[in-house]
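Report on the structure given below.
On a predicted model such as this, the values are computed, not experimentally measured, just so you know. Every chain is numbered from 1, with letters handed out A, B, ... down the list of sequences.
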Protein chains: 2
Amino acid sequence: MEIANFVKEKRKSVRLTQPELAEKAGVGLRFIRELEQGKQSLRLDKVNQVIQLFGYEVGAVKKKPTTYL
Amino acid sequence: MEIANFVKEKRKSVRLTQPELAEKAGVGLRFIRELEQGKQSLRLDKVNQVIQLFGYEVGAVKKKPTTYL
DNA sequence: TATATTTGTACCCAAAAGGGTATATAAAAA
DNA sequence: TTTTTATATACCCTTTTGGGTACAAATATA
């Protein structure tokens, strides 16, 4: 799953609003919003600040071989 | 494995120098160096440009539960 | 429906990323 | 060892991030 939806789902599963998650993660509200909307050019350390709250960290994962056509 | 060493090992396994990898990934040489040295505040999209060459992408991975002491 | 809550978009601005490049250091080869 | 190759550090500069904030749009609740 893309990080965007991963964060959104995790956040909802623990019933937090975006402002609450921003607060807990120590990032700005704007960042949470851009993150959940899939902005690609976010800073790695900031993303880590957020997902570590859920026990995750950013890492390299194998891409699924795509089926063409 | 941290992304830093992941990139370094993958790069060496295919016998590329840092300038060559930078060229192929379409990022600056400086970026490859900071990446392999573990700089935390890199941009996600740039990291993706690099590791997708090896068939990987950035994603959320579970942190190993740490043993304290 | 109306009202409250949550989420998305737009603006300004300081701080930082990252490209290019030159130089220094380290490692490998002759 | 000397010579070549590879990697690390430092500087200048432009572009972009991300914080703060205000407002709009969407969603949920009464």
Side-chain angles (χ1 to χ4, degrees):
Chain A
M1 186 194 300
E2 337 82 89
I3 293 184
N5 284 317
F6 172 82
V7 170
K8 188 166 219 163
E9 290 190 9
K10 283 288 183 184
R11 174 175 64 78
K12 296 213 160 183
S13 76
V14 292
R15 313 255 167 184
L16 289 175
T17 64
Q18 291 177 339
E20 289 168 341
L21 180 58
E23 162 75 42
K24 280 187 185 293
V27 301
L29 172 57
R30 256 241 337 247
F31 183 84
I32 296 293
R33 300 198 159 149
E34 293 177 333
L35 174 56
E36 291 194 359
Q37 282 170 76
K39 186 173 179 182
Q40 297 296 302
S41 56
L42 301 171
R43 274 174 50 176
L44 214 52
D45 57 341
K46 299 283 175 182
V47 176
N48 268 321
Q49 277 181 245
V50 175
I51 67 178
Q52 73 174 1
L53 292 177
F54 307 123
Y56 285 74
E57 66 190 339
V58 172
V61 300
K62 267 207 274 303
K63 293 180 79 165
K64 291 222 179 71
T66 315
T67 306
Y68 302 99
L69 292 188
Chain B
M1 185 194 302
E2 337 83 90
I3 294 183
N5 284 317
F6 172 82
V7 170
K8 190 167 218 161
E9 290 190 9
K10 282 288 183 183
R11 174 175 64 79
K12 296 211 160 183
S13 76
V14 293
R15 313 259 170 179
L16 288 176
T17 64
Q18 290 176 338
E20 289 167 339
L21 180 58
E23 162 74 42
K24 281 187 184 294
V27 302
L29 172 56
R30 258 238 340 246
F31 183 84
I32 295 294
R33 300 198 158 148
E34 293 177 332
L35 173 57
E36 291 193 359
Q37 283 169 74
K39 185 173 179 182
Q40 295 298 301
S41 56
L42 301 171
R43 276 174 47 175
L44 214 53
D45 58 338
K46 297 285 175 181
V47 176
N48 268 322
Q49 277 181 244
V50 175
I51 67 177
Q52 74 174 1
L53 292 176
F54 307 123
Y56 285 75
E57 64 190 339
V58 172
V61 301
K62 267 207 272 302
K63 293 180 80 165
K64 291 223 181 71
T66 315
T67 307
Y68 302 97
L69 293 186

- Query: What pairs of residues pass the ring pair (Phe, Tyr, Trp, His ring centres under 6.0 Å) test when at least one of them lies in residues 44-65 of chain A, not counting sequence neighbours?
  - Reply: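 For residues 44-65 of chain A: Phe6(A)-Tyr56(A).
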
- Message: Has Glu34(A) got a side-chain atom pairing as donor or acceptor with Ile32(A)'s backbone, closer than 3.5 angstrom?
- Response: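 Flag not set: sc Glu34(A) to bb Ile32(A) has no pair under 3.5 Å.
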
- Donor-acceptor under 3.5 Å (Gln40(B) side chain, Gly38(B) main chain):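 At least one qualifying donor-acceptor pair exists.
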
- Report the nucleotide, chosen from dT17(D), dG19(C), dG19(D), that has the shortest atom-to-atom distance to any side-chain atom of Val27(B). dG19(C)

- Note on the structure: Which of dG19(D), dT17(D), dG18(C) is nearest the side chain of Ser41(A)? It is dT17(D)

- Message: So Val14(B) and Leu53(B), do their side chains get closer than 4.5 Å, heavy atoms only?
- Response: no

- Answer yes or no: is there a side-chain heavy-atom contact under 4.5 Å between Val61(B) and Glu57(A)?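 The answer is yes; the side chains approach within 4.5 Å.
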
Can you check the [X] [atom1] to [N] [atom2] distance for me, whole Å?
{"X": "Ile32(A)", "N": "dT21(D)", "atom1": "CD1", "atom2": "C1'", "value": "17 Å"}
{"X": "Leu21(B)", "N": "dA8(D)", "atom1": "CG", "atom2": "C1'", "value": "16 Å"}
{"X": "Glu23(B)", "N": "dG18(C)", "atom1": "CD", "atom2": "P", "value": "18 Å"}
{"X": "Leu44(B)", "N": "dA17(C)", "atom1": "CG", "atom2": "P", "value": "14 Å"}
{"X": "Leu35(B)", "N": "dG19(C)", "atom1": "CG", "atom2": "C1'", "value": "15 Å"}
{"X": "Gln40(B)", "N": "dG18(D)", "atom1": "CD", "atom2": "P", "value": "14 Å"}
{"X": "Glu34(B)", "N": "dA16(C)", "atom1": "CD", "atom2": "P", "value": "14 Å"}
{"X": "Gln49(A)", "N": "dG18(D)", "atom1": "CD", "atom2": "P", "value": "10 Å"}

Rounded at 0.5 Å granularity, tell me how far [atom1] in [X] sits from [atom2] in [Y].
{"X": "Arg30(A)", "Y": "Gln18(A)", "atom1": "CZ", "atom2": "CD", "value": "13.0 Å"}
{"X": "Gln37(A)", "Y": "Lys8(A)", "atom1": "CD", "atom2": "NZ", "value": "7.0 Å"}
{"X": "Gln49(A)", "Y": "Leu35(A)", "atom1": "CD", "atom2": "CG", "value": "11.5 Å"}

- Message: I need a per-nucleotide contact map over nucleotides 5-11 of chain C, read 5' to 3'. Cutoff is protein heavy atoms under 4.0 Å; write B for the base, S for backbone only, - otherwise.
- Response: -SBBBBB

- Between Lys46(B) and Arg43(A), who's closer to the 5' end of DNA chain C by nearest nucleotide?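 By nearest-heavy-atom nucleotide position, the 5'-most residue is Arg43(A).
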
- Determine whether more than 12 heavy atoms belonging to other residues, nucleotides or ligands lie under 6.0 Å from atom CD of Glu20(A). yes

- Using rotation axes that map the C1' atoms of four end pairs onto the next four (five pairs an end), what angle separates the end axes of the helix from dT1(C)-dA30(D) to dA30(C)-dT1(D), to 10°?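 Angle reported: 60°, given to the nearest ten degrees.
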
